[in-house]
Amino acid sequence: GITTCYASPYLKALSGSSHGYDVIDPTVINPELGDKRAYQQFVQALEDHHMGQILDVVPNHMGIDKSANPWWQDVLENGPSSKHAKIFDIDWNPVKPELKNKVLLPILGEQYGIALENQEISLAFRDGRFFLQYYEHHLPIDPSTWSMILAFREESLRESLSADDPSLQEFQSIITALSHLPSRNENDPERIAVRYREKDVIQRRLATLCEEHHAIEQFLLENIRILNGIKGAHQSFDQLDALVSDQAYRLAYWRVAAEEINYRRFFDINQLAAIRMEESDVFTQFHQCVFGLLQSGAVTGLRIDHIDGLYDPKGYLEQWQSWALSELGLQGDEKHRSIFMVVEKILGTSEALSADWPCHGTTGYDFLALLNNLFVDTRHARKFDDLYHRFTKTTGAYEDLTYHAKTVIMSSAMSSEINSLGHQLSLLSERNRRSRDFTLNSLVHAVREIIASFPVYRTYATFDPSEEVSDRDRIYIHVAAARAKRRNPAVSSLVFDFIRDLLLKVPFDESRIDWRDVNSFAMKFQQTTSPVMAKGVEDTVFYTYNRLLSLNEVGGEPEQFGISLSHFHEQMSIRRDTFPHSLSTTSTHDTKRGEDVRARLNVLSELPQEWRKRISRWRQLNKKSKSMLDEQSIPDLNEEYFIYQTILGCWPLTEIETEEAREHFSLRIQEYMTKALREAKVHSSWLNPNEAYEAATRTFIINILHPKRSQTFMKDFLPFQQKITQYGMVNSLSQVLIKITAPGIPDFYQG
């Protein structure tokens, strides 16, 4: 009964990639997965079983780590004049003037000057090309700056070779040719073509010269040795520093990225650079390989990854359907859908997928949230609120936690994006006498507050100024602005109104305001709210608001404690009538917990009184397993509550009989809790790991899972765990039954 193989991305990714979402060359299938013959065998096997294939397409970003992406390397070499500069979403004129026409490259493990003088950054030469080495990174050098290397100590070369020596003349001719090379900031297509042609010619000439004349090669190698400096002699690095500083990129300490990075990323991951899929030629160039797979019939449908990251999600889907109509000859339906496509989209509790999007639905997180909530006993919401706050001694409301987490993300990991939006706003405000008195600080603060108050991942206004903002999006924008005002009574409401009106495309009676600039701000704003929501909620609040962990799931809202059966049926009726071919999933590679772990934990919602007694008893029994650090008991009560749910949810089905198996399970929980602590960003974080706190938490886990040290705890825990597991299995089977019978296409993750 399985009709389709639903595959992760398999275009060429970074070597050793375990997931394929870091594509470095979208024009070929990943050779690490097999050759063309192996792929054809795979396709033939599917055909033999009358199966199709949905391919995961990653249109938002590419992998750029370890100098493996040829398009990105070309941008680093040629700057704004690169043939591939248009592909990447780079701000060539950022807030910081020193970065004009440069890409900030935050790959260093320490401050730039320290890395340089430690000889971690070094100049190298191979096959007629100069490049910089930094561990696994090989960074190209702009050929127009090669003269700094070639002309260095040139007088010594002239002394060793006669003036009429052909090799010396060729060497000097190459330096002259480099001086006539068009700039990397050139924007004239003809001049850019000259640059590409001439730099390749120069490279071949230099390679040949070094190959045929040993003296020239040794001269260059000696230059490189000297330019690479001497440890402890600071001034010996001046020339290399000048060369590095004259490139189309600026090497920087990785921590600098949060505030100054000027290329859009996938969330806050520096190694994944966003691309400008809104450009039609980028769409065509990027999808060449997938076009071929669809035309051959190997692929029969597409999953679109992270649709909210795109400049114009609807426009992107329309491009695909238009291509399918013209190239595949498929007939479209009433929604202009000709090829099967589902989008990875997180919907809020009361949010629906835009009805005018030409796709067949989502990848199923909305279904997951509904189905999971069906197994949570809504009658006990207040009891769980009470037991959670009493046990953990926390008082924060979910809405406040979400607001705070989003502000933390915007002031740390994504402050560069917020500063850029504030800079755009400042330029716009200066052009209108009603808004010119808004300060840069007030604008940055206001945009941060509106994003922190945004009720959904993003809105979808288009860049066409004549097209009105949808009623749906108008409501979300008004809600966000109103919430921001309410949280900031000491700030003038006018600044919030100014931003709100820009997002709503309210016309200004001011000729100096160019609507192209307004649209640029609005579209970038929309691309920013989504990652802030994802990082703030999914990757922060889901690890701090621990009332019932089964609710802390992608696509869900932990504040909602279950749904009624009638509500579920109502939503399934809507699903049948609107997107009947949407996917129905219960686990994906992005879910925080497995479907069976959630099914177990949902049982707790039916037993609030017993659960309260158990965790109170466990807290007393495990007090001795805690550590003290700076007068603080570790883990704190909220983390302890998190740990109990975690081990209850994933305790092995069969009894742990051997010491090796028990240690393996303990290690899994320890590693997971280290991740959870860093995601929570309360006592530790990925940016600033608190290793002492993490070690103390690991010790607590070791102690409570040790058969001899925790005999009393285990004696109480195991019978309760077995009871929960038994009911959890019923939940699991019921979940599967509903998934395969409800409207939609059931998705079984990894079998």
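Computed from a predicted model, the values in this text were never measured in an experiment.
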*asked:* Looking only at the aromatic ring of each residue, does the gap between the centers of Y21 and H589 stay below 6.0 angstrom?
replied: yes
_Can you tell me if R668 has over 12 outside heavy atoms packed within less than 6.0 Å of its CZ?_
no
With a 3.5 Å cut-off and sequence neighbours excluded, list the donor-acceptor pairs that the side chains of residues 545-558 form with protein atoms.
from	atom 1	to	atom 2	distance (Å)
Y545	OH	R547	NE	3.4
N546	ND2	N638	O	3.4
N546	ND2	N638	OD1	3.2
R547	NH1	D385	OD1	2.7
R547	NH2	P558	O	2.7
R547	NH2	E559	O	3.0
S550	OG	N602	OD1	2.6
N552	ND2	F542	O	3.0
N552	ND2	Y545	O	2.7
E553	OE1	K592	N	3.3
E553	OE1	R593	N	3.3
E553	OE1	R598	NH1	3.0
E553	OE2	K592	N	2.7
E557	OE1	T349	OG1	3.1
E557	OE2	T349	N	3.3
E557	OE2	T349	OG1	3.4

*So V23 and K12, side chain to side chain contact (heavy atoms under 4.5 Å, CB included) or not? Walk me through it.*
CA-CA 6 Å; V23 174; K12 187 175 181 181; 5.8 Å; no
Could you go through residues 716-731 and list every donor-acceptor pair under 3.5 Å that involves a side-chain atom there, pairing it with any protein atom two or more places apart or in another chain?
from	atom 1	to	atom 2	distance (Å)
D716	OD1	R614	NH1	3.3
D716	OD1	R617	NH1	2.7
D716	OD2	R614	NH1	3.1
D716	OD2	R617	NH1	3.4
D716	OD2	W618	NE1	2.7
Q721	NE2	T725	OG1	2.7
K723	NZ	E610	OE1	2.8
T725	OG1	Q721	O	2.8
N731	ND2	A599	O	3.0

*Heavy atoms, side chains only, cut-off 4.5 Å: are H683 and D636 in contact?*
yes
*Can you check whether D747 reaches S584 side chain to side chain, under 4.5 Å on heavy atoms?*
no
*Short side-chain donor-acceptor distance under 3.5 Å, E694 and S684*: yes
*Would you please indicate yes or no on a ring centroid separation below 6.0 angstrom for H706 and F713?*
no
*Chi angles and distances behind the salt bridge (Lys or Arg N to Asp or Glu O under 4.0 Å) call for K626, E640*: CA-CA 10 Å; K626 290 194 170 190; E640 185 178 356; 2.8 Å; yes
_Just checking Y388 against Y641, ring centres under 6.0 Å apart?_
yes
*Go through the structure and list residues passing side chain to side chain contact (heavy atoms under 4.5 Å, CB included) with P652, not counting sequence neighbours.*
I656, F665
*Have E639 and Y693 got a donor and an acceptor in their side chains that come within less than 3.5 Å?*
yes
